[in-house]
Every structure is written in C-alpha cells, then in structure tokens.
Amino acid sequence: MEPRSSTIGPSLDPNALDSFQFNEEIQQLMTIPQENASSFTALLELPAPQAMELLHHSPESNDSAAPAPAHSNSHTVTVDAHHTPYHFPVGANLTFPSNIALIERAARFSVFAENINNTTTDKNNHNNNNHSPATTESLPSNSSGNLGKVKNEPAESDSNKPNSPPPAENKRSVKRKEREKKVKVTTKKSKSGANESSEDAEKLPYVHVRARRGQATDSHSLAERARREKINARMKLLQELVPGCNKISGTALVLDEIINHVQSLQRQVEFLSMRLAAVNPRIDVNLDSTLAVESGSLMDSNLSNMVMPLMWPEVQVNASRQQYQQQWHLDAHHQPVWGREEESHNFVTPENSLLSYDSSANSATLHSNQLKMEL
Amino acid sequence: MNPKTYHHISSNPSSVKSRFTRGFLRAFKKIKRQQRLLPTSSSSSSSNPSPRPYLYGRVKIAADKSLALAVGSRRAWSRALLWKIHYKAWRQRSRFNNKKKLLKENKKNKKNKKKKNDDEEVGFRHAKELRKLVPGGEAMDLCSLLDETAHYIKCLITQVQVMKSVDQIYSF
C-alpha cells in the first residue's frame, strides 16, 4: 500500500520519500563539512577548493593512476553516460544523486582508517595496507570495504580526533539507511576485530561490543551466547503462557509442563471432536446467529468450563497420568455407545463413569445435571 | 436454552479465532449434511445408525484443517499440519504401497546434527517429545521450535474454546 500523503501534492512512493529525505540529509551534511573544512583539509594539507577539485577529478584521474583497479575505469565510462557527472563508483554500483558530501565522507572514512592502521593491530586493516596514506585516488575503492569496520573504529579514535565523532555519527546514521545489508555483513567481522582490540586497548571509551570483561570473545562463543539468550527469552514466554509454570525453576521441569499442557490440549480437542461427531443438530441454526450466540455463550459459559477441567484434571501429579490413560480406555469402550445414542443427555452416563475416578466427581455431576435442567 | 444475545463476533473480526470458527462450522455442517444424506442414517428420530468410528476422525481432521487454514502459511507448524493432512488424504486415495515406502524413507532421511547439539543443552528427551507433539517440529532448530510451540499453544487454546462452545450450542 502506498502512503498517499495529503500534504505533498504528488503521491510519493516510500522509496521516493526515502530518497527525498536522503537528499535533504545530504544537503544538511554538505553544510557541515564546510564548517569543519579546517579539520578535513588539514588532513590532506591542502586548501579547501583544491581538495574538492581533487576529489571531483578523482574518478577521471583513475585512468592515469596506477593503483586504481580496473573496475573503476569501466565505471567511469558508464558514469559519463548518466546525466549527473558525479556518479561515483564505490564498488557497489550505487548511484547517488549528489555525491560531493559522499565523496567527502568516503574520504574521511578512509583517512580515518589509515590513521587507525598505525595504532591498532594489523588484522583488522589488512585491506588498508595496500594504500598509501594521503592519496585521494585510492579513496573510492577503499571506502566501501572499510565502511563497516570504520564504523566502530572512528568511535575508538575519539581521543585522536575530537571533531570527528559528531559528524561521523551523523554520517553513520545516514549510512545505515543506505547500506544496511553491507554494514550487517561487515559488522559481524568487525565485532570479532573490535573485540580483540577492546582487549588490547581497554582505555578507549567507545566499544560497540556485547562481550563482557573476562569472557571469551571469539565469534563462536559470541554466537552461542546470543543463541542461548534467545532460547532463554523464548522459554520465559512459554512459561508465561502455560499456567503454573512461573513458580517452577529449571529448564527440564518447565519443558515437562509445556509438554503436558500441549498433550492435554490435544486430548481435549480429540474428545470434543468425538462429542461433536456424535451430536445431532436438531435445530438448524443460521451461521450468523450461531457466531453471535457463540460470542455470548463464550462469555456466559462458565459452567461448561467448570465441567471440562474437572473431567480432565490438569496434570500436575504423575499418578493422575495413569488415570488419564484409564479414562481413554474407557472412551474407546463407550465410543460405539455414543454412536448409537445421539441424544446429548446420554453423555451424562459415560461422563459419570469417567468422573468416578475423580475425587470431585459429585460437584461435576451436579453441574452436568444443571446443564440438562436448563433445557 | 441459552439466551441469544447478539454481540459482535469478536473485537477483531479477522482474528484467528473468528476465521477458525467460520471455517470449522462450515466443515462441520458439511459433515453433518453428508451424514444425513447417506442412506444408512436417514432421520434423527428412531433409526439405528451403524456406529461410525470414522466420523470422529473426520471431525477431528476438519477441526485441525480449519485451524491450520485460519492461521495460514505464516507459521511453520500450520504449514506442516496442512501438509500432513493433505499427504494422508493423498495416501489414502492412491493406496500404492510402493509409493508409500519411498516417501517414508525420504521423510526419515531429514535429520540435522545441529538439532541434537542444541537439544543436549536443554534436555534431550524433552526436546524430542516436544518435537513429536508439535506438527513440523522434527525439522526445526530449538529456537524456532520454542517459538512455534508458543504460537501453537495459543491456537490450541482458541480451538478448544471454540469447539466447546459449538458443542454447547449443538447439544441444546
């Protein structure tokens, strides 16, 4: 369903809306780098306009640059075919409406990554080792591979660049919308990398890691722990669902209770279907009125609710399980009887014999007699 | 007689409960009509119809099927239940022994080792029993098994409620 907003004239698809917001955010971001231009261009040791020129020219200069891989060449060919000159091959075949801010962002990320390369272990950033620090030519091919890893790492380098975190966070939040899938894939790897780095450098404030201190942090145990938490959460839900499970502690007993509950429910369904099979609809009731009555009867039918559970005591004790089985043997005997006797009041006699197993049989028979009397 | 109060069906007209009620009542009436039209049981008054043990089976199947249809294909257990019913009906119709054997073998070969590792953590026999109870539980990992169990319990409860009230209506 497409949301047709009344405020905006033409009806926009959600995709169009997203890109619209995206454009707005990019434009907002475009103002920010100009404010922080000093920090950014200072890294490159170039004045601002020359830096921008370099960035814009980088897709075209890739032809001449040696380290640029072949795919960027092909992309420049296709790029010229499009109407906007700044479509940027970021290794993901994504086309952006206005790329200036994105280019800057990519540059910033890769520059950060190279800075961190010097500080943290080599494992994380083996991708960056191929590129020299201050080359803008290597920016495009770098940025996509490092986005995920760099997401955690700019936060770690808080001490290095005080100006960087706020715009980095903004960028991060926008980047997330754009490349969720990619980030998810890379953050998994980065978690293991970031975990190792968290052990190495515990002084750093920002750690986006769920690992607690003193616990193993390789990816296997992390995944296992996540799974165990999931399973425990679901067990809690089940405990709430099954009556009488809240007080029990321990997985095995709770599972026992759950199994009993499911078995009892299934047996109730079977029993009810047997009753319905034998009943004879003397009255032709309309479907609508049936449903209407049903909702009313569901609210008023406390009597039947009392009868049923009494006949089928909720099994909390092992001994009564044997009673269950005995009752079912009795049912098998009485089935042909039910087939012959289609009047409902005849059910009272097998019910009575079933109820004789219960201690509370008397009250139950009284209830069933009351049901009869209501006729 | 129960006072016929004309409330609305439920607060949510398209809930599992109301969908199940409609489907089940339809199927149930159909079964009753078929039962009536058959020559052996002509009228309700005095004739002695032969005991029909399989009628109970049909009602049960109708109840399960309408419940699974009400839930739809969103849940693994409802898909498994529908498949089971369909498969049994097909098997009955075809009655080719060769095909039966082949299909049984195919079914048994689906076993994951991962499930056993999970089950050991929680309690091996419990997990096995639970898998047998919940339709489609054989081929699920523990996490989704618990999920499906929760939903299955909820739907079973509604099924029991609806069938109780239907029974109440028809028995008066």
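Proteins come first, then strands; the chains are lettered A, B, ... in the order of their sequence lines, and each starts at number 1. For the numbers below, each heavy atom of this structure counts, side chains included, while hydrogens, waters and symmetry mates do not.
- A:Arg275 contributes no side-chain N or O that, together with a main-chain N or O of B:Asp167, makes up a donor-acceptor pair within less than 3.5 Å.
- Checked against side-chain contact (heavy atoms from CB on, under 4.5 Å), B:Leu69 has the following partners two or more places apart in sequence or in another chain: B:Lys65, B:Leu82.
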Test side chain to side chain contact (heavy atoms under 4.5 Å, CB included) on A:Val254 and B:His126; report intermediate values, then the result.
CA-CA 10 Å; A:Val254 170; B:His126 297 298; over 6 Å; no
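- Summarising the geometry of A:Leu241 relative to B:Ala150, their closest heavy-atom pair is CD2-O, 3.2 Å, with the distance given to 0.1 Å.
- Looking at A:Leu237, there are no atoms closer than 4.5 Å to chain B (heavy atoms on both sides), in backbone or side chain.
- Here the CD1-CG distance, from B:Ile169 to A:Leu276, works out to 10.5 Å after rounding to the nearest 0.5 Å.
- Judged as a side-chain contact (heavy atoms from CB on, under 4.5 Å), and not counting sequence neighbours, the contacts of B:Ala27 are B:Ala62.
- Rounded to the nearest 0.5 Å, atoms CG (B:Leu142) and CE (A:Met235) are 8.5 Å apart.
- A donor-acceptor contact shorter than 3.5 Å links the side chain of A:Gln266 to the backbone of B:Leu133.
- Residue B:Lys60 comes nearest to A:Ser273 through the heavy atom pair CB-OG, 3.7 Å, listed as atom of the first residue, atom of the second, then distance.
- The shortest heavy-atom contact between B:Cys143 and A:Lys230 is SG-CD, 3.4 Å.
- Residues A:Gln268 and B:Lys164 form a side-chain contact, since some pair of their non-hydrogen atoms from C-beta on lies under 4.5 Å apart.
- Separating the CD atom in B:Glu129 from the CG atom in A:Asn260 is a distance of 8.5 Å, to the nearest 0.5 Å.
- A:Ile258 is listed as a side-chain neighbour of B:Ile153, based on a closest heavy-atom distance under 4.5 Å.
- Using a 4.5 Å cut-off between heavy atoms, A:Leu265 contacts chain B through both its backbone and its side chain.
- Among all heavy-atom pairs drawn from A:Arg234 and B:Ser144, the shortest one is NH1-N, 4.1 Å.
- Chosen from B:Val160, B:Asp64, B:Leu130, the residue pairing most often with chain A at heavy-atom distances under 4.5 Å is B:Val160.
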